Each structure stands twice: as structure tokens, then as C-alpha cells.
Amino acid sequence: MTAIADDDILQTLPAEQREHLALVLDQYLASLERSVPLPFDELVAQHPDLAEPLRWYAESLRLLCLAGDHLGRRRSAESSADNWNRQLGDYRLVREVGRGGMGVVYEAEQVSLGRRVALKVLPFAAVMDEKQLARFTNEARAAAQLNHPNIVPVYGVGKERGVHYFSMQFIDGQALDRLIQEQRERRAGEKETRAAAAVSTPKEAPSAWTGDSSLGGSSLRDREYYRAAARLGVQAAEALHHAHEMGVVHRDIKPSNLLLDSKGKLWITDFGLARVSADTNLTLSGAVLGTARYMSPEQASGKTHLVDHRADIYALGITLYELLTLRPAFDASSPQQFLRQIERDDPTPPRRLNPAIPADLETVIQKATAKQRESRYETAAELAEDLRRFLEGRPTLARRPTLRDRFRKWTHRHATLVAAAAALLLVAFVAAAVAASLVAREKQQTAAALRTAQRQLERAEANYQQARRVVDRYGLRLSEELAGIPGAEPVRRELLEDSWRCYEALLAQTQGDRSLRAEQAMIHFKAAEIASQLGDVGRAVQQYSAAREIFAALAAEENAAAGHRSHQALCYNNLGLLLAGSGRIDEAREAYRQAEDLASDLCREDPGNSLYGWRLALILTNTGLLHSQGGNTVQADAWYGRAVALLERLVNQEPRRDEFRKDLAVAYNNRGALHRATNPGQAAADNARALELLEQLAGRHQERLDYQAELALCQSNQGVLLAEIGSAAALPVLQRAIATQQQLVRKAPARVAYRRDLAVSHNNLGRVLLDGGDLPEADRALEQAQAIFESLAADYPETIEYSAGLGGVLNNRGTIREQQGDLTAAAALFEQAAEHLNRTRELSPDAVEPRQFLAQTLQNYAKTLQALERNDEARRVLLQCRSLASEDGR
Amino acid sequence: MGGASVSNVSERVQLFLLRDDRNLDANGLGSILQLYWNYLHLLAEAQLDRRLRVRFSPSDLVQETFLEAHRDFPQFRGATEEEFLAWLRQILVHNLIVAVRRHFDAGKRDVRREVSLEQVRSQMDTSALGVAAALAQDGTSPSDRVQREELLVALADDLSELPQDYREVIVLRHLQGCSFAEVAQRMDRNEGAVRMLWLRAIGQLRSRLNERGVL
């Protein structure tokens with residue numbers, strides 16, 4: 001083709017024909033933009049006198065259409081030439097209804113059957129692109145495999161005159177994104193115009209939505225709205241579940257792909273990005289596809305091998321979030337920002353944006369949109385189930401947790417026991433080291449091992465007296481409980497110094513011998529354990545650091561030997577525990593992080609090794625606890641979720657390993673504690689599962705005190721949960737738990753943890769009795785609690801738990817006095833309580849609960865002072881309260 | 001600059017991106033960026049609808065984009081022209097969103113602002129391939145996609161050299177999706193005249209593209 005100047009072409013045409021040419025080209029262009037191009041040859045045949053100019057111009061039009069598509073032309077022009085070709089095979093196109101990422105959707109009529117359908121057409125520009133074509137066909141295929149009332153059914157696929165399309169059921173309705181937009185505008189309009197409180201008639205909107213609001217009736221309308229949203233969620237979740245069962249993951253769930261028809265029924269459409277698990281030759285992996293805002297973290301970060309059906313659950317959760325709050329969960333102006341936000345940040349809790357949103361619904365959404373897959377619902381059906389539970393209602397929560405309420409300190413117990421269980425292993429190691437060579441197991445070469453074994457034995461002989469004394473001292477308890485190193489109250493200091501001396505001696509003996517460094521590390525570790533158990537935080541931290549350093553050095557030398565790294569992880573874990581107990585939360589978090597890194601590496605390298613899995617689960621549980629301490633519920637739930645999942649797996653794999661079962665119970669218990677206030681149903685379920693596991697264990701091992709202790713604690717928790725819902729069974733359950741715990745304290749008076757548990761149970765009982773109106777009994781129970789906490793706090797001033805507990809109990813007793821009319825006594829008790837809680841806050845400014853308790857106590861105190869007409873003092877106290885609140889308002 | 005063949009631009013950019021000292025040559029980067037001026041301008045024009053174009057000038061937007069590109073170039077990790085273009089596009093859209101946000105007062109819950117932002121954002125959202133290019137280092141770059149990019153850059157260049165009203169009618173009709181009736185209104189002519197204008201405009205465009213060897 002020779003290059004013809006434009007003027008030449010036009011010049012040769014008479015004016016009339018020029019106009020005609022323009023019209024025809026306009027038609028053709030419009031048809032290109034519509035993705036249903038007029039067949040060019042036919043066009044030429046219809047206008048033979050314009051053949052050459054048409055051909056000359058056509059290519060540029062195609063290019064310009066492409067440019068428009070690419071650069072974001074938002075709509076196709078309404079051509080003034082109205083007679084565009086509507087026929088496409090058996091279909092007659094009526095109008096364009098939507099323009100998606102990968103195609104134009106028309107309302108059409110299937111002529112042969114006389115029915116209305118929706119026709120999705122592949123843009124002509126994409127016809128050449130193999131990948132796009134493949135995706136288009138894949139969409140049709142994926143949807144065609146599904147048969148569910150809430151999924152838009154595909155009727156057929158076709159190709160006509162070079163146009164690829166497929167037909168599906170036509171849904172007369174609106175996509176959720178438009179509805180959200182309308183809701184948003186409506187609310188904005190309400191605020192601006194301050195409409196008079198006139199009730200208007202409902203619009204002809206789908207039945208799911210109620211009509212216009214009046215300001216007065218807004219609360220009722222809101223509740224209906226949230227329920228309606230939840231009902232939509234149920235439909236969507238059930239449809240997704242069906243798709244997942246058929247092996248199809250949608251991967252692009254978002255409001256614009258959820259249609260709501262005129263009868264209020266929800267439809268899922270647009271399976272354009274779906275992955276069909278059976279279809280392996282359609283490798284849609286590699287490129288990150290989808291809509292950024294709704295992408296799960298694993299999708300957004302490109303880890304396509306991690307994308308499974310749970311990505312859909314996540315996306316649905318985000319969609320529901322938007323539906324409820326009318327705002328996007330994440331809002332960024334570039335894909336990079338989205339990625340960062342999606343991976344790292346939690347969306348603003350819905351209730352913070354709008355307190356009218358039901359708490360249960362918020363929790364459901366937060367679980368669905370957890371960052372970790374394991375923390376989300378396992379299946380879409382589960383999500384649907386939870387939403388249904390919300391819809392069916394439950395007894396409303398009586399009150400927000402206040403100081404007068406029972407507190408959750410007993411959850412700390414679990415963390416310590418978990419660590420103690422770990423220490424158990426280590427103690428066994430050390431004790432066994434006397435008999436067999438630990439070092440030999442670490443080293444690869446037998447010869448060296450033998451040599452070292454010899455030497456170890458010699459040393460063992462030489463140290464025998466010393467080691468013997470250590471073992472003897474604790475031997476009785478060891479053999480009895482095999483659980484940690486107890487420190488008896490009256491002799492504990494002596495014991496500490498004594499054991500210290502033993503260990504120093506042992507260390508001195510092994511000093512120059514690098515081959516025994518592992519032993520030394522163990523000794524440091526054990527010493528740390530002792531110091532920790534006896535409350536000497538400073539020394540414990542020292543010893544853990546020493547142990548850790550040696551393990552790290554050993555690991556580095558011996559080519560990252562797994563055993564050393566495992567012990568390193570344990571050191572970090574126990575260190576974290578210690579720091580958390582002293583309120584040094586940031587340091588604790590860091591320690592746990594290190595522990596988790598090491599432990600996950602080990603799990604990854606040696607997936608069959610259940611010990612590593614167990615260690616990791618331990619660390620995860622402790623981290624969850626730490627988050628819960630800091631008031632970070634969503635994170636806590638995430639970590640607990642991971643721990644639970646991991647432990648369930650372990651229990652399954654090795655059902656005879658009791659320790660796994662026990663730690664699983666611990667994790668469930670902790671999680672139950674977390675949800676106590678926000679999701680009692682979940683809390684009860686977790687608690688029940690924990691009880692189940694522990695009853696098995698305690699039953700099978702009558703002699704194991706720690707199982708009994710754990711079970712008693714779980715029962716105590718159950719009592720608390722029962723009390724929450726007002727069940728009469730709460731009292732007997734609590735009393736039974738107390739009885740068991742009293743027994744345990746008798747059997748092992750040196751175990752601090754048992755005493756603390758008992759104190760907490762007494763307090764809980766007191767609380768329940770107080771609620772029930774039985775003041776004298778309540779006071780008696782609280783008195784017992786007070787006594788225990790007082791001695792604990794005196795002995796272990798650095799452990800915030802005990803001071804906080806004491807403060808709490810004192811406050812509760814003050815409450816009783818107040819109710820009994822003895823205001824002076826009440827004031828005195830509140831004052832004492834505040835003192836203790838203040839101390840706690842000094843020790844640990846980050847812990848959420850002591851701060852809350854203190855605030856409540858101060859309020860109580862102020863109130864009582866006022867009643868006593870000690871107004872100056874009352875004012876001072878209120879000032880304190882206010883400064884506390886302002887600190888808090890960050 | 002006219003008449004530079006398509007492959008020349010690609011080559012130049014590619015060569016620049018492969019240099020070890022590319023972070024140190026601000027002038028070099030500047031001249032590379034200039035090659036995309038028209039393309040980005042076109043992109044900005046397409047994204048801004050009538051309402052927004054009153055307030056934001058595409059030229060300013062492109063200027064801002066270039067400044068940012070200079071500033072952030074050390075962080076750019078890509079090595080192909082395709083990646084570079086995607087990166088530039090993304091900065092432009094980002095600036096667009098920021099500008100719109102800044103303009104509509106953040107304090108007021110302005111529905112109009114939400115709507116405008118929505119439109120701009122949805123461009124980013126639904127551009128599946130754009131996200132891919134930006135987020136994941138997709139190893140495979142389909143050659144047809146690259147070709148199309150180069151084509152569009154050439155188109156943008158040629159468009160910029162057309163007479164003002166020729167360019168206007170093409171942008172309105174093809175990028176803004178206006179019908180000829182609307183174009184006539186905007187350009188204050190009658191519909192027939194506009195169609196003729198359009199014919200001549202496309203004709204000239206075609207010639208230029210032909211000279212380059214594109215069509």
C-alpha cells in the first residue's frame with residue numbers, strides 16, 4: 001500500500017460521499033468500542049464506492065480504539081447512528097449493562113428460545129491475546145461447573161464473526177458496589193440536610209433494604225440494615241462453599257461481582273479470575289491478578305501457591321466490612337501502598353467507625369479477614385454458620401468488663417505452665433547428663449563422642465557429690481511431680497543460694513572444657529529457671545542471656561546445628577515469659593519474635609519433627625498471651641489460632657504424646673479467655689474443648705499434679721463463663737474447682753502457681769456471690785483470695801500479676817463494704833487497692849488491664865469519698881483519674 | 001523528535017535502564033522521561049473527565065510525575081521498558097489521586113470527591129495487568145503487550161504534533177468517549193463540521209504513523 005496523503009483521499013470524494021464516509025466510519029468505530037464489531041468485509045461490500053477510503057481509515061480506527069481501551073476510556077459513545085448491528089448469532093443485543101475488566105456485558109434476547117439473557121463479550125482487542133482468550137474461556141468453564149441458587153448460571157459459549165462471547169442468566173438488579181455508593185450518598189445527604197423526622201414510604205428497592213430513614217427511627221433501621229447485610233453474607237458464603245467443594249476458587253470476590261436482584265437474592269458472578277483446581281494447563285499463576293482492595297495478603301504479596309479457598313473467605317469478609325461501614329477497609333493510592341497495608345495493618349475496627357454495628361458481627365468479620373489463613377474460617381460454610389448464629393441472636397452481654405468483674409490474670413498461669421513443661425524436658429536432660437553424655441548426642445563423630453563421654457563420666461564422678469546434692473534436694477519433688485523446680489517458701493532463698501553454689505561449682509569444673517559448653521548452657525538455663533520461679537527477674541534474665549549466647553555460639557560453630565538452635569528458641573521463649581510477667585512487654589515481644597523465627601525455621605527444615613512443632617506452638621501461645629495483655633485482641637486471636645491449628649495437627653499425628661494434648665488445651669483456654677467478653681459462644685466452645693482434653697489427661701494420669709491443676713483452672717474458667725450467661729451452674733462448678741485447687745496447694749505448697757490459681761478462683765467465686773447478692777459469703781471468699789495475694793505480692797514484688805490481683809480483690813471487698821453501708825471501710829479498701837494498682841502501673845505501664853482496673857478503682861474511691869463528704873480528697877482522686885484517662889487516650 | 005521510529009525509543013530506554021551508572025545520570029534520565037511526555041499527557045487527559053479537567057491541568061500532573069520519577073528513580077528496580085512505563089503510569093495515577101484528594105477538602109465528607117476518587121481508583125483496580133506489572137516481578141512479558149505499549153507511545157507522540165483542533169477532536173471522541181453531538185457542543189461547531197474535522201484528523205494521524213512504519 002502506498003502512502004496516500006489524507007488530503008488526496010478526501011479530495012477525490014465529492015462532499016456528499018465524504019459525509020457518508022464519516023457516518024460509516026463512525027458506525028464502525030462505535031461497533032469496535034462495543035466489542036461487537038461490524039464485519040469489515042460486509043461493510044465494504046455494502047458501500048463499494050467507499051471501499052478504498054474505508055480500508056485506508058480502518059486500521060487507524062482500530063488502533064485508536066485500542067488506545068482508548070488502554071488509556072481508560074470510560075464509556076462507549078452513544079452513536080447518533082443508531083442502527084448498530086444488534087444481531088450476534090442467536091442473540092439480539094438490547095443494551096450494554098456493564099463493562100468489566102475483561103469484557104462487556106449486554107442484556108440480550110436469545111431469539112430461538114425467546115428468553116432474556118446476559119451476554120458477556122470479549123473485547124476485540126483481546127481476541128489476539130492468547131492469554132486473555134484463555135482466561136475468557138476459563139471463566140465460562142469455571143462457572144459452568146457450578147450449580148447453586150446463588151451463582152449465576154452459564155448457558156453456553158460461542159464465537160460469531162470473530163466475536164467471542166458466553167451467555168448466562170440475566171439478573172435484574174444491581175451490583176453491591178452501587179448499592180454501597182447509594183447508601184453512602186444517602187447517609188451523607190442525611191447529615192447535610194438534617195431531614196425532618198418524617199417517615200417516608202419505602203422505595204421499590206429489593207426487599208433486603210428497608211426504605212428511607214427518619215432520624216428518629218434510625219437505630220431500628222440500622223439494626224435491620226446490619227441483619228440484612230449478614231443475610232447477604234450467608235448467601236454469598238454458602239455459594240462460595242459450593243464453588244470450593246467443586247474445586248473452584250473465585251479469586252475476585254468484591255462488591256461489584258455480587259449482584260442483588262429485585263427479590264433480595266444475592267448472586268455471585270464474574271468468575272473471570274477463577275482458578276479451577278483440576279485444570280493444570282491453565283497456568284494463571286505468575287501474574288498477580290485481581291482487585292487490589294479485596295486481595296488477601298497472600299494474593300497481594302504474590303504468593304500464589306498459598307492462594308486457596310480461604311482467599312475468597314477473606315475477600316468476602318472485606319466486602320462485608322465495606323457493606324457495614326460504607327468505607328473501604330484499605331485505602332491507598334498506589335498498589336505498593338495497598339500491599340503494605342494489606343500485609344501489615346489491621347483495618348479500623350468497624351465498631352470504632354460506627355458503634356451501632358453489632359459486636360458479634362464485627363468479630364465474625366475480623367476472623368474472616370485475619371491475615372493468616374489458618375486464623376480464618378476453615379470453610380465458607382463455617383462463615384455462613386457464624387453469620388447465622390449472629391442472626392439467630394443470643395442473650396445480650398450484661399456489662400463491660402470492670403474491676404468488679406472477674407479478671408483474666410489466671411491466663412498467665414497457662415503461659416508459665418507451658419514454659420515449665422518445656423523446662424521439664426530440660427531438667428530431664430540435665431539430670432540424665434549425669435548418666436549419659438548429652439554432648440555426645442550433639443557431636444557427629446563417634447570417636448570424639450566416646451572421648452567426651454568418658455570425660456563426662458569422670459567429671460560426673462568428681463561432681464557426683466555436688467550434683468547429687470542438687471538432685472537430692474529436688475529429687476523428691478522431681479520424682480513426684482516431674483514438673484519444674486519448686487521453691488519452698490521458707491527455704492527458698494536458701495535454696496536459691498545453695499543451688500547457685502552447686503551450679504557455680506559445676507561451671508567451674510567444666511570451665512576450660514569447650515566440649516562441655518553445652519552442659520554449661522544447660523546449667524545456666526536451669527539456673528535461670530530457678531531464679532524465675534523464685535521471682536528473681538534480674539538474675540533470671542542474666543542466666544537466660546548467658547545460656548542463649550552459648551547456644552548461639554554453638555549453633556554457629558556446628559553449622560547451625562538444629563539442637564542448639566532449638567535450645568536457643570527455648571531460651572528466648574522463657575525469657576519472653578519472664579519479661580512479660582514483669583510487664584516489660586516490648587522486650588518480651590522481641591524475645592518471642594526471635595523465638596518464633598528460630599522455631600519456624602526448625603519446623604520448616606524438619607517438618608516431621610514434632611518436637612519442633614511443639615516448641616513453635618508453645619511460642620505462638622505465649623505470643624498470643626502477650627498480645628492479649630497489651631489489649632491487642634485481633635493479634636492475640638491470630639496467634640492463638642495458629643497455635644491451636646498446629647497443636648491439633650500434632651495431637652492427630654501423635655495421639656499418645658500427652659504434652660501436646662495439654663498444650664492444646666492451654667491454647668484453647670487462652671483463646672477462650674480472649675473471647676470471653678466479645679464472643680461468649682466461641683469462648684464456651686473453646687473452654688469445652690479444653691476441658692475435654694484435660695479430663696482425658698487428668699483421668700489417665702492421676703498422679704500428675706500439673707494436669708489436675710490445669711483441669712481445675714479450666715473448670716474455674718468454665719464457672720466464669722457460666723456466670724457470664726447467668727447460669728445457676730456457675731457456683732457449684734467454681735466450688736468444685738476451688739476444692740481441687742486447695743488439694744493441690746496442700747500437696748505442693750511450694751508451687752507458687754497453684755496458690756495463685758486458688759486466689760483467682762476465690763476471687764471469681766466472691767464475684768459471683770456478690771452478683772447473686774450473698775454479701776457475707778462473697779466477702780469470705782474474697783478474704784481468702786486477699787490473704788493469698790498478699791503473701792504472693794510480698795514475696796514476689798516484681799511480678800505485676802500479684803499486685804494487680806491484690807488490688808482487684810481489695811477493690812471488690814470495698815464494693816461489698818459500700819453495699820453494706822460501711823462507707824469508711826470501703827474508702828479505706830479502695831485506697832489500698834489504688835496503691836497496689838499504682839505500683840503495678842509503674843512496673844508495667846503497657847499492660848492494659850491494670851490501667852483499666854485502676855481507673856475503675858479510682859472512680860469507686862472518689863464516689864465513696866463524695867458520699868462521705870470528703871470532697872477535697874474526692875476531687876484529688878478524680879484529678880488522678882482524669883490524668884490517667886488522658887494518658888490513655890492515645 | 002518527530003519521525004523517531006518506534007524501536008528507537010525502546011532501544012534508547014532499554015539501553016539506559018541497563019546501565020550500571022543509571023542512578024547517577026540525571027540528565028540522561030531526564031531525556032528518557034521526555035520521550036514519554038506525550039504518552040503520559042494523553043493518559044492524564046483520558047483519566048480526567050470534564051469536571052476534573054477544569055481544576056487540574058494534565059501538564060502540571062505530568063510535570064509532577066517527572067519530578068517524582070527523578071526523586072524515586074534509585075528505588076526503581078526494574079530493567080525493562082515495560083516495567084519502567086508501568087512504574088511511570090503508576091506514579092501518575094497516584095499523583096492524580098493525591099491531587100483530587102487535596103482539592104476536595106478532606107474535612108468535608110464530600111460525596112462528589114468520593115465519586116471522582118472512585119472512578120479514578122477503579123481504573124487502577126480493574127487494570128489487572130497494571131497491578132501485575134507493579135506488584136509482582138512477572139518474569140514473562142508477552143511480546144504483544146510490549147508492542148502495544150510502544151505503539152501507544154508512538155501514537156501519543158504523533159498526536160502531539162497534530163494541529164490543535166485535530167488533536168482535540170480525537171481526544172474527545174476516542175479517549176473521552178464523547179458522541180459527535182457532544183464533541184460538536186464542546187468545540188462549538190455543528191456536528192457535520194466536526195465529523196469532517198475528525199476525518200481529516202484521523203487521516204493525518206494515519207499518514208504520520210505510516211511514515212514511522214507503524215501502520
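Letters go in sequence order (proteins before strands), and every chain restarts at 1. Because the structure is a prediction, the values reported are computed rather than measured.
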Test B:Arg195 against A:Leu25 for side-chain contact (heavy atoms from CB on, under 4.5 Å), laying out the working first.
-> CA-CA 10 Å; B:Arg195 257 189 251 268; A:Leu25 286 175; over 6 Å; no

side-chain contact (heavy atoms from CB on, under 4.5 Å) evaluation trace for B:Leu175 with A:Leu64 = CA-CA 8 Å; B:Leu175 296 191; A:Leu64 282 167; over 6 Å; no

Would A:Glu59 and B:Leu209 count as a side-chain contact (heavy atoms from CB on, under 4.5 Å) if you check the C-alpha gap in whole Å, the side-chain angles of each, and the deciding distance to 0.1 Å?
-> CA-CA 11 Å; A:Glu59 197 54 45; B:Leu209 288 170; over 6 Å; no

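Between the side chain of B:Arg206 and the main chain of A:Trp56, a donor-acceptor pair closer than 3.5 Å is present.
Heavy atoms closer than 4.5 Å to chain A are found in the side chain of B:Ile170, but not in its backbone.
The shortest side-chain heavy-atom distance between A:Leu29 and B:Arg173 falls under the 4.5 Å cut-off. Between A:Leu63 and B:Leu205, every side-chain heavy-atom pair lies at or beyond the 4.5 Å cut-off.
Across every non-hydrogen atom of B:Leu199 and A:Arg18, the tightest pair is CD1-O, 3.7 Å.
Rounded to the nearest 0.5 angstrom, B:His174 NE2 and A:Ser60 OG are separated by 9.0 Å.
Open room surrounds CD on A:Glu16; 12 or fewer heavy atoms of other groups in view lie less than 6.0 Å from it.
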